[in-house]
Protein chains: 2
Amino acid sequence: MSIQGAETQKKIVEISDDLFYRQGYEHTSFSNIAEVVGISRGNFYHHFKTKTQILDAVIEFRKEKTQRMLDDWESSFTDEIQRVKCFINILIKNKSKIKHYGCPVGTLTTELQKLDHSAHEHAVEIFVMFKNWLVAQLKSAGKKGNEAEQISLHLLARSQGVATVFNAIKNERFLRAEVDSLETWLDEQFERV
Amino acid sequence: MSIQGAETQKKIVEISDDLFYRQGYEHTSFSNIAEVVGISRGNFYHHFKTKTQILDAVIEFRKEKTQRMLDDWESSFTDEIQRVKCFINILIKNKSKIKHYGCPVGTLTTELQKLDHSAHEHAVEIFVMFKNWLVAQLKSAGKKGNEAEQISLHLLARSQGVATVFNAIKNERFLRAEVDSLETWLDEQFERV
DNA sequence: GTCTATATAGAGATAGAC
DNA sequence: GTCTATCTCTATATAGAC
């Protein structure tokens, strides 16, 4: 495969990633993607044979992006609690996207599950990546395995819930209050020892 | 409209309600609904002219069901905190449905928003019904307006988050732990006075 | 590697007989 | 009020020229 081919392929994945997020997977058509990429529908099939193949590539792309983000948080702070607060603060950082399109991780897994799509488990892996990273940080900060797991799942759920409700009601004061409350809650988990 | 006609119409709405929940709105076709109802696609259009009309009828149906549930909680308990705990415990009561299909309120609003569907705001009204009911209970239990609002949105978000994460990772211990933690948190909001 | 043309299936929606 | 037949559009996917 030539360099240009690889670039087109990458472009297809990046644009599909964005469109799947904003419009949903099923609602996004090949024509839709082809139009934005600037290629014909026919050419499209030279790069990906099925829509599921694009979806899998998008999920892999998201996993790579997630890993880079987690690595970035780790290199930015030595304090594990600060690192975990980076996770909490995605809600603020991605505020306007979440307001319009929700959380990319939660909305994709939910959609694929309703479609009974084979890629559902693949999408759940992104959830698990976040969870495992959070568990690692909490263990490193002194928490036992069980507690680290419980706190991590709690953080994931809180984050998902805030994203869903914010997406529905668009109340920014609610978002701020929940993020503050989450940070305070996290601090409390280490004060009580 | 004859009695039989009204019954068919009701049947269409109830079956669509279920299918939209389990498969998603867009993923559910007329043929799909007609097949389960046991009528032909053509007959279908005698009752509903567009898919959006069915969706609106389903949302109204869900609003009515929700109102009946809220009324039921109110008549079952005089203590407002017990009533609010009924809300928290839907997570347990609807455990297996949530495990497979997520929260019907959250997943529908999320989907409609991605489809940029005109019925999105209609669907958000169900969220608002829950919120207003929770606010009323909390005010009745002595909370000021602002705090009642904040606690209600927090409960909604927690509930949504648990549903989304449970749907993705299917961990029942997580679900139980979160429901317990939510109940404890609610009690604490009234102990601290 | 890109294109046009086309196959095939299913969607939402309509017309009109009974 | 229910049916069959049909229209139109768009979807995924393929074939083959350049």
Side-chain angles (χ1 to χ4, degrees), chain A residues 1-59 108 111-112 114-120 122, chain B residues 1-59 108 111-112 114-120 122:
Chain A
M1 184 164 290
S2 81
I3 291 169
Q4 183 147 20
E7 273 172 10
T8 302
Q9 196 146 343
K10 200 187 166 197
K11 208 173 166 187
I12 291 173
V13 172
E14 286 175 354
I15 284 165
S16 301
D17 175 29
D18 182 55
L19 291 175
F20 289 173
Y21 175 40
R22 291 193 288 114
Q23 310 181 342
Y25 167 70
E26 194 178 30
H27 194 58
T28 302
S29 67
F30 281 134
S31 324
N32 221 195
I33 300 167
E35 196 184 11
V36 179
V37 174
I39 58 172
S40 71
R41 269 164 298 155
N43 183 10
F44 207 94
Y45 285 86
H46 176 74
H47 301 283
F48 294 96
K49 299 219 168 355
T50 66
K51 205 180 172 185
T52 298
Q53 275 186 16
I54 306 173
L55 176 58
D56 278 322
V58 165
I59 293 172
L108 184 65
E111 181 183 1
L112 294 181
K114 283 200 200 273
L115 302 184
D116 202 18
H117 199 292
S118 59
H120 174 250
H122 193 188
Chain B
M1 182 162 292
S2 81
I3 291 169
Q4 182 147 23
E7 272 172 12
T8 304
Q9 195 146 343
K10 199 187 167 197
K11 207 172 167 190
I12 291 173
V13 172
E14 286 175 354
I15 284 166
S16 301
D17 175 29
D18 182 54
L19 290 175
F20 289 174
Y21 174 41
R22 291 193 287 113
Q23 310 181 342
Y25 167 70
E26 194 178 29
H27 194 57
T28 303
S29 68
F30 281 133
S31 324
N32 220 194
I33 300 167
E35 196 185 9
V36 179
V37 174
I39 57 171
S40 71
R41 268 164 297 155
N43 184 9
F44 205 97
Y45 285 87
H46 176 73
H47 301 283
F48 293 97
K49 299 217 169 355
T50 65
K51 203 179 174 187
T52 298
Q53 275 187 14
I54 306 173
L55 177 57
D56 278 321
V58 165
I59 294 172
L108 183 65
E111 180 183 2
L112 294 182
K114 283 201 199 272
L115 302 184
D116 203 18
H117 198 292
S118 59
H120 174 251
H122 193 189

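Just so you know, these numbers come straight off a predicted model, no measurement behind them. Order of the sequence lines sets the chain letters (A, B, ...), proteins ahead of strands, with each chain counted from 1.
Applying the side-chain contact (heavy atoms from CB on, under 4.5 Å) rule to A:Lys49 yields the partners A:Gln53; only residues at least two apart in sequence or on another chain are considered. In this structure B:Asn43 satisfies the side-chain hydrogen bond (donor to acceptor under 3.5 Å, both in side chains) test with no other residue, sequence neighbours excluded. With sequence neighbours excluded, the residues that form a side-chain contact (heavy atoms from CB on, under 4.5 Å) with A:Ala119 are A:Leu55, A:Asp56, A:Ile59, A:Leu112, A:His117. In this structure, the side-chain contact (heavy atoms from CB on, under 4.5 Å) partners of B:Asn32, at least two apart in sequence or on a different chain, are B:Gln23, B:Thr28, B:Ser29, B:Glu35.
Interatomic distance, NZ of B:Lys114 versus NE2 of A:His27, reported as 11.5 Å (0.5 Å rounding). Here the straight-line distance linking atom CD of A:Glu7 with atom CD of A:Glu14 works out to 10.5 Å at 0.5 Å rounding.
Listed by first residue number, the stems of DNA chain C with at least three Watson-Crick or G-U pairs below 3.5 Å are C:1-18 with D:1-18.
Between A:His46 and C:dT2, a side-chain N or O to OP1/OP2 separation shorter than 4.0 Å is absent.
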Could you run down nucleotides 3-18 of chain C 5' to 3' and tag each one B, S or - for protein heavy-atom contact under 4.0 Å? BB------SSBB----
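Aromatic ring centres of B:Phe30 and B:Tyr45 lie closer together than 6.0 Å.
Counting heavy atoms from C-beta outward, A:Tyr25 and A:Val58 have side chains that stay 4.5 Å or more apart.
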